[in-house]
S.K.: 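Here you go, one structure.
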Amino acid sequence: MPRLAPLERTRNIGIMAHIDAGKTTTTERVLYYTGVNYKMGEVHEGTATMDWMEQEQERGITISSAATTCFWRDHRINIIDTPGHVDFTAEVERSLRVLDGAIAVFCAVGGVEPQSETVWRQADRYCVPRVAFVNKMDRVGADFWAVVEQMRRKLGAHPVVLQIPYGVEEAFKGVIDLVEGCAYVYNEESLGSHYDRQPLPADYEAAAAEWREKMVAALAERDEELLASYVSGELVGPQALRAAVRRQTVAGQITPTICGSAFRYKGVQQLLDAVVDYLPSPLDVTAIEGHTPSGTTETRPADDTAPFAALVFKIMTDPFVGQLSFVRVYSGHIASGDQVLTARTGNAERLGRILKMHANKREEIRELFAGDIAAVVGLRNVVTGDTLADPKHPIVLEAMQFPEPVIDVAIEPRTKADQDRLGAVLAKLTQEDPTFRVQSNSETGQTIISGMGELHLEVIVDRLVREFKVNASVGKPYVSYRETIKLEAVGEGRFVRQVGGRGQYGHAVVRIAPSADGAEYEFVSQVEGGKIPQEFIKPVDQGIREAMQHGVLAGFPMIRVAATLLDGSFHEVDSSEIAFKVAGSMAFQAAASKAEPVLLEPLMEVEIVTPEEYMGDVIGDLNARRGKITSLEQRGGVRVITAWVSLAEMFGYATQLRSMTQGRATYTMQFDRFEEVPKAIADGVIARVRGWVY
């Protein structure tokens, strides 16, 4: 089977933004104009192609990232539509890890919102080039220039304006293209399929000339090829401008910025042109690096003839075909039926079917090539972040880092049949979602599920009932606290068992202290003279790690601890790895109880957008919730309040905010950091957890 498009004409992109900025609507327009769909779906009607889950259609938001493929100007574009809600930020993280470029969508009214900042930082982490699309230019309060300024100030970006709006709010007709020096005016009756390219309107000639000069100057600052023409006063043509914009975008130096209104069918075709003209192909990005089993670093170029290397970035359970593993192929090619090596386990597995995905629809294909994104069936023992490689050329690519869950709820099956199925279903969901955790409380026997927020867990439970037919009762959500220490302390653990025959002996002395740089956990050994053989050092480390999963105050996981193995002893016959693991755990617990342990709570960064007349009530309520106001700003006709608030104080806040503001205020929040709980509140939490008070 031949390639669908050459590598240089392939684009792997994601669409990322804050919730309600218009990502999914933009994707729907793209699919319509590229001929994939004959009819446009609408988010508010629950008919959007990419929002195929029942939970997405009911809530009008994207929950799971969805992949599709389309063609524009003889280029193949693989698109991943990502969620904008903070509870599902892991979907954005794993998508950006495997993409070559992205479209950052901003609301022309809301500007750079909290989740916009989060996804922008995620894209920075993976050095993903971006095109900015300022959407909703037809909305009341739309301000293109304010968004551009916020991109500079809040994101530290370097936006280069390639288009300016032709009209604004209800009068928004189209865009003024500074590269081509023309206007594009759209016909809404044809759903934007037809648009006119017109000369610059007379009343926009001065503004277009001013901003074109700024665009060329900004490009010439960073581009030597353009600088010579600019300094000599030559008129730089569209082709040279596009080449300069592409070079600098691929290098991550600028963000081309354009505008439109996806809902009103304006500007989407020019956005597709920008994807083709400015975002990189797999050949334009740095070749992926990985480590071989011997520890050496190797690169895998985007080449069909190179050894096969791919990354599993998403796991999904399909009711018809079973487990789907979404992969991005970085090098080589593979066909269904071939064997691949899972680098993490060292086991080879045979690929079953290969599927090209269009949201939840599937098209079977026979081969995958470098640069492709697809789903494969038949891999049973893979997890998100696993590397698939040629068995003859093993390599491990960089995996992904996911945030820790911050909210827990207890879940109980309603019947014996539900109980039998619950464990297996939760295991599937855990494999799908790296930010979803399941654990059993050894004291109460309850099953505890953990997630990124109330909505995250609500969707999980809804899927249990609808998709997997498991009925379960769920308790109220409660905060997932952490514990840490404030002092340095030394503890000794001695594990001795002698019950006939060979016994067990392990002895360790451990010093613990707060980690200097806030690291979750550090371990070093200072044992000298062979007091503890080298093979027993690691078990001590493992014992400490296990002990940290259940802190000494209330059983919450411990973080920010640096442990040092100081001393110990061993028995030539009775010592074993398990004995030193237990000794390490005992030593840590003994030290932790003396190191002034404290409780930590998740602190959330909250942004509230409210009409000015309700600002006093909102601030007063935040103060009552132990909130700390960090900024107040004017945005259009509303006030934006940013604050740090404990997650424990934010349950039910949506209802309270609506009540205070007659439903006119909105808020978003995202996890910021863990911070020490005030002692009076900590005592209540500890007492409740220990079962003294209910």
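Quick caveat, the model's predicted, so the values are computed rather than measured.
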S.K.: Does the side chain of Glu612 reach to within under 4.5 Å of the side chain of Gln634, using non-hydrogen atoms?
M.R.: yes
S.K.: Show your working on salt bridge (Lys or Arg N to Asp or Glu O under 4.0 Å) between Glu117 and Arg153 and close with a plain yes or no.
M.R.: CA-CA 11 Å; Glu117 296 184 52; Arg153 180 166 45 87; over 6 Å; no
S.K.: Is there a donor-acceptor pair under 3.5 Å between the side chain of Arg94 and the backbone N or O of Lys314?
M.R.: no
S.K.: I'd like to check Thr384 versus Pro434 (side-chain heavy atoms, cut-off strictly below 4.5 Å). Are they in contact?
M.R.: yes
S.K.: Taking the six-membered ring for Trp, are Phe106 and Phe133 closer than 6.0 Å centroid to centroid?
M.R.: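 Phe106 vs Phe133: aromatic centres not under 6.0 Å.
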S.K.: What pair of heavy atoms forms the shortest contact from Phe674 to Pro602, and how long is it?
M.R.: CD2-N, 3.6 Å
S.K.: Taking the side chain as every heavy atom from C-beta outward, state whether Ile15 and Val105 have any atom pair closer than 4.5 Å.
M.R.: yes
S.K.: Measuring only between side-chain heavy atoms, which start at C-beta, is Ile79 closer than 4.5 Å to Cys70?
M.R.: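 Yes, side chains in contact.
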S.K.: Treating Tyr481 as the side-chain partner and Pro557 as the backbone partner, does any N or O pair qualify as donor plus acceptor under 3.5 Å?
M.R.: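 Not confirmed, Tyr481 side chain does not pair with Pro557 backbone.
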S.K.: Nearest heavy-atom pair of Val268 and Ala262: which atoms, and what distance?
M.R.: CG2-CA, 4.1 Å
S.K.: Considering non-hydrogen atoms only, spot the tightest contact between Gly192 and Tyr33 and give its length.
M.R.: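 Of all heavy-atom pairs spanning Gly192 and Tyr33, the closest is CA-OH, 3.5 Å.
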S.K.: Say whether, by atom type as modelled, one donor and one acceptor occur between the side chain of Arg212 and the main chain of Leu178 under 3.5 angstrom.
M.R.: yes
S.K.: Would you kindly check if the NZ (Lys) or CZ (Arg) of Arg673 is within the cone defined by 45 degrees around the ring axis of Trp644 and under 6.0 Å from the six-membered ring centre?
M.R.: yes
S.K.: Less than 4.5 Å apart, side chain to side chain, heavy atoms only: is that true for Leu426 and Ile449?
M.R.: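 Answer yes - side chains close enough.
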S.K.: Measure the spacing between CD1 of Ile254 and CG of Leu162 and express it to the nearest 0.5 Å.
M.R.: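 Nearest 0.5 Å value for the CD1-CG distance: 7.0 Å.
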S.K.: Would a 4.5 Å heavy-atom cut-off, applied to side chains only, mark Ile559 and Leu600 as touching?
M.R.: yes
S.K.: Apply side-chain contact (heavy atoms from CB on, under 4.5 Å) to the pair Val109 and Asp143, showing each step before the final yes or no.
M.R.: CA-CA 6 Å; Val109 180; Asp143 190 338; over 6 Å; no
S.K.: Look at Glu169 together with Arg264 and state whether they make a salt bridge at an N to O cut-off of under 4.0 Å.
M.R.: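 No, Glu169 and Arg264 are not salt-bridged.
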S.K.: With distance as the sole test, does Thr25 use its side chain to make a donor-acceptor pair with the main-chain N or O of Gly22 at under 3.5 Å?
M.R.: no
S.K.: Please give me the minimum heavy-atom distance between Asp617 and Met660, naming the atom from each residue.
M.R.: O-SD, 3.7 Å
S.K.: Whether the side chain of Thr661 engages the backbone of Ala665 through a donor-acceptor N/O pair (distance < 3.5 Å, no angle test) should be reported.
M.R.: yes
S.K.: Is it true that, when you exclude Lys628 itself, more than 12 heavy atoms of the residues, nucleotides or ligands shown sit nearer than 6.0 Å to its NZ?
M.R.: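 Counting neighbours around NZ of Lys628, 12 or fewer heavy atoms of other residues, nucleotides or ligands fall under 6.0 Å, so no.
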S.K.: For residues 98-116, pull every pair meeting salt bridge (Lys or Arg N to Asp or Glu O under 4.0 Å), keeping only residues two or more places apart or in separate chains.
M.R.: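 Those involving residues 98-116 are Asp100-Arg328.
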S.K.: What pair of heavy atoms forms the shortest contact from Leu96 to Ala102, and how long is it?
M.R.: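 Nearest heavy atoms, Leu96 then Ala102: CD2-CB, 4.3 Å.
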S.K.: Test your reading of the model: is there a side-chain donor-acceptor pair from Ser515 to the backbone of Asp517, 3.5 Å cut-off?
M.R.: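 Checked: no pair found.
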S.K.: Considering only heavy atoms from C-beta outward, does the side chain of Val598 approach that of Val677 to under 4.5 Å?
M.R.: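 Result no, sub-4.5 Å side-chain heavy-atom pair not found.
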S.K.: Between Trp145 and Val161, is any pair of side-chain heavy atoms under 4.5 Å apart?
M.R.: yes
S.K.: Hey, is Arg626 close enough to Glu601 for a salt bridge, meaning N to O under 4.0 Å?
M.R.: yes
S.K.: Quick one, Ile641 with Met615, criterion side-chain contact (heavy atoms from CB on, under 4.5 Å). Give me CA distance, side-chain angles, the key distance, then yes/no.
M.R.: CA-CA 8 Å; Ile641 304 165; Met615 190 171 69; 3.8 Å; yes
S.K.: In Å and rounded to the nearest 0.5 Å, what is the CZ to OG1 distance from Arg29 to Thr24?
M.R.: 11.0 Å
S.K.: Would you call Arg463 and Glu432 a salt bridge, taking side-chain N to carboxylate O under 4.0 Å as the test?
M.R.: yes
S.K.: Determine, stepwise, if the pair Thr255 / Val131 fulfils side-chain contact (heavy atoms from CB on, under 4.5 Å).
M.R.: CA-CA 6 Å; Thr255 304; Val131 167; 5.8 Å; no
S.K.: Indicate, with yes or no, if the rings of Tyr166 and Phe172 have centres closer together than 6.0 Å.
M.R.: no
S.K.: Nearest 0.5 Å, what's the CD1-CD distance between Ile460 and Glu467?
M.R.: 9.5 Å
S.K.: Look at the side chain of Asn135 and the backbone N and O of Ala21, then say whether any donor-acceptor pair between them is shorter than 3.5 Å.
M.R.: yes
S.K.: Taking the inter-plane angle between the rings of Tyr186 and Tyr195 on a 0 to 90° scale, is it parallel (under 30°), tilted (30 to 60°) or perpendicular (over 60°)?
M.R.: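 Rings of Tyr186 and Tyr195: tilted, 30 to 60°.
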S.K.: Please report the interatomic distance CG(Asp672) to CG(Leu603), rounded to the nearest 0.5 Å.
M.R.: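 Taking CG in Asp672 and CG in Leu603, the distance rounds to 6.5 Å.
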S.K.: To the nearest 0.5 Å, tell me how far Arg625 CZ sits from Ser646 OG.
M.R.: 10.5 Å
S.K.: Should we say atom CD of Glu189 is surrounded by more than 12 heavy atoms from elsewhere, each under 6.0 Å from it?
M.R.: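 Incorrect, the count does not exceed 12.
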S.K.: Under 3.5 Å, is there a donor-acceptor pair between the side chain of Gln150 and the main chain of Val112?
M.R.: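 Yes; at least one donor-acceptor contact below 3.5 Å.
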S.K.: Could you go through the side-chain contact (heavy atoms from CB on, under 4.5 Å) check for Val245 and Val160 one step at a time?
M.R.: CA-CA 9 Å; Val245 173; Val160 173; 5.6 Å; no
S.K.: Let me know which of Leu279, Ile80, Asn78, Thr82 forms a side chain to side chain contact (heavy atoms under 4.5 Å, CB included) with Leu99.
M.R.: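 Only one option passes, and that is Ile80.
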S.K.: Pairing donors with acceptors under 3.5 angstrom, does anything connect the side chains of Glu93 and Tyr126?
M.R.: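 Yes, side-chain donor-acceptor contact under 3.5 Å.
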S.K.: Check whether any side-chain N or O of Arg437 sits under 3.5 Å from a backbone N or O of Thr435 as a donor-acceptor pair, and report yes or no.
M.R.: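 Not at all, since once roles are kept as given, no pair shorter than 3.5 Å links the two residues.
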S.K.: To the nearest 0.5 angstrom, please state how far the CE atom of Met650 sits from the CE atom of Met604.
M.R.: 8.0 Å
S.K.: Looking at Gly555, is its backbone amide N or carbonyl O close enough to the side chain of Glu483 to form a donor-acceptor pair, meaning the two atoms are under 3.5 Å apart?
M.R.: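 Looks like yes, one N/O pair under 3.5 Å.
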S.K.: Which pair of heavy atoms, one from Ile411 and one from Ala472, lies closest together, and at what distance?
M.R.: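 Reported closest heavy-atom pair: CG1-CB, 3.7 Å.
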